Amino acid sequence: MKNIITRFPPSPTGYLHVGGARTAIFNWLYARHMNGKFVLRIEDTDVKRSTQASVDAIFEALQWLGIDWDDGPYFQTQRFDIYREHIQKLVDSGHAYYCTCTPEQIDVMRREAMASGGKPRYDGTCREKGLGKTDDAVMRFKAPLAGTTVVEDVIKGNIVFQNDELDDFVICRSDQTPTYNFVVVVDDITMGINTVIRGDDHVMNTPKQILLYRALNCPLPVFGHVPMVLGKDKTRL
Ligand code: GLU
Ligand code: ZN
């Protein structure tokens, strides 16, 4: 049996909510039960909404729950060099490209896709242009155009996504900040995470993340998405 490594990656944009505490407990218990490791990572790349008070509240809540960690806390804002390195890997292997479409153009594409009954998506205008880096260029992932991506979820079973519904999503913004799905994958790879247990509000992100693991030539972790904890009004607690 391999050495299990789980993680808890809260975003410090408020208090630790009940659902977050619950996934922390699942990951911690599983790591302890399997004699593995539990990693704490603070996902603070949303600089506008992240606060030190929330970081402190997370530490306090974990302490109160009796949850300790074996590695970290890592802070995503201190890891930009690592993200840059991996973006370069994707560029070098032909899995990413620069896109200079304006927000207005993107808006038109989305509306056209929806008008023809599809999901709002980027239409691949810049995919084969071989554009270089410019101030207003974003970096997009070159996603497969056909086939399916299957999330083999240990809790929900297999979830099949059609690749033509996953568009060439942005992995790095024009201000050089990498996006959420990309940094999660790079972090999970470089931290050796092999078991990802998280709320099912993330299920839609998982196929994109799987494509990134493949493009980076890295083995997939085991995924398990647990139902969120909702209040009587069906919003999350
Ligand atoms: N930072 C994310 C959140 O707080 C967690 C992402 C994940 O588990 O992959 O919802
Ligand atoms: Zn474009």
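Note that the structure is a prediction, hence the values are computed from the model and not measured. Order of appearance sets the numbers: ligands from 1, and atoms from 1 within every ligand. In what follows, residues are counted from 1 in the order of the sequence shown.
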Who's closest to atom 2 (C) of ligand 1 heavy-atom-wise, of Arg198, Gln209, Glu43, Gln76? Glu43
Does the residue Phe8 have a heavy-atom contact with ligand 1, meaning some pair of atoms that are separated by less than 4.0 Å? no
Using a 3.5 Å distance criterion without hydrogens, assess whether the side chain of [X] forms a donor-acceptor pair with backbone atoms of [Y].
{"X": "Asp44", "Y": "Thr77", "result": "yes"}
{"X": "Ser50", "Y": "Asp46", "result": "yes"}
{"X": "Asp107", "Y": "Pro103", "result": "no"}

Given side chain to side chain contact (heavy atoms under 4.5 Å, CB included), test Val203 with Phe223 step by step and report yes or no. CA-CA 10 Å; Val203 159; Phe223 289 104; over 6 Å; no
Between Asp201 and ligand 1, is there a nitrogen or oxygen pair with a distance under 3.5 Å? no
Ignoring angles and geometry beyond distance, decide whether Pro9 reaches within less than 3.5 Å of ligand 1 through its nitrogen or oxygen atoms. yes
How about Tyr122: does one of its N, O or S atoms come closer than 2.8 Å to the Zn ion (ligand 2)? yes
What atoms in ligand 1 come closer than 4.0 Å to a heavy atom of His202? 2 (C), 3 (C), 5 (C), 6 (C), 10 (O)
I need the atoms of ligand 1 closer than 4.0 Å to a non-hydrogen atom of Arg7, numbered in the order shown. 7 (C), 8 (O), 9 (O)
Is the NZ or CZ atom of Arg79 positioned over Tyr74's six-membered ring, under 6.0 angstrom from the centre and within 45° of the axis? yes
Geometric cation-pi criterion, Arg140 with Tyr98: 6.0 Å, 45°: no
Hey, what's the angle at the Zn ion (ligand 2) spanning SG (Cys126) and SG (Cys101), nearest 10 degrees? 110°
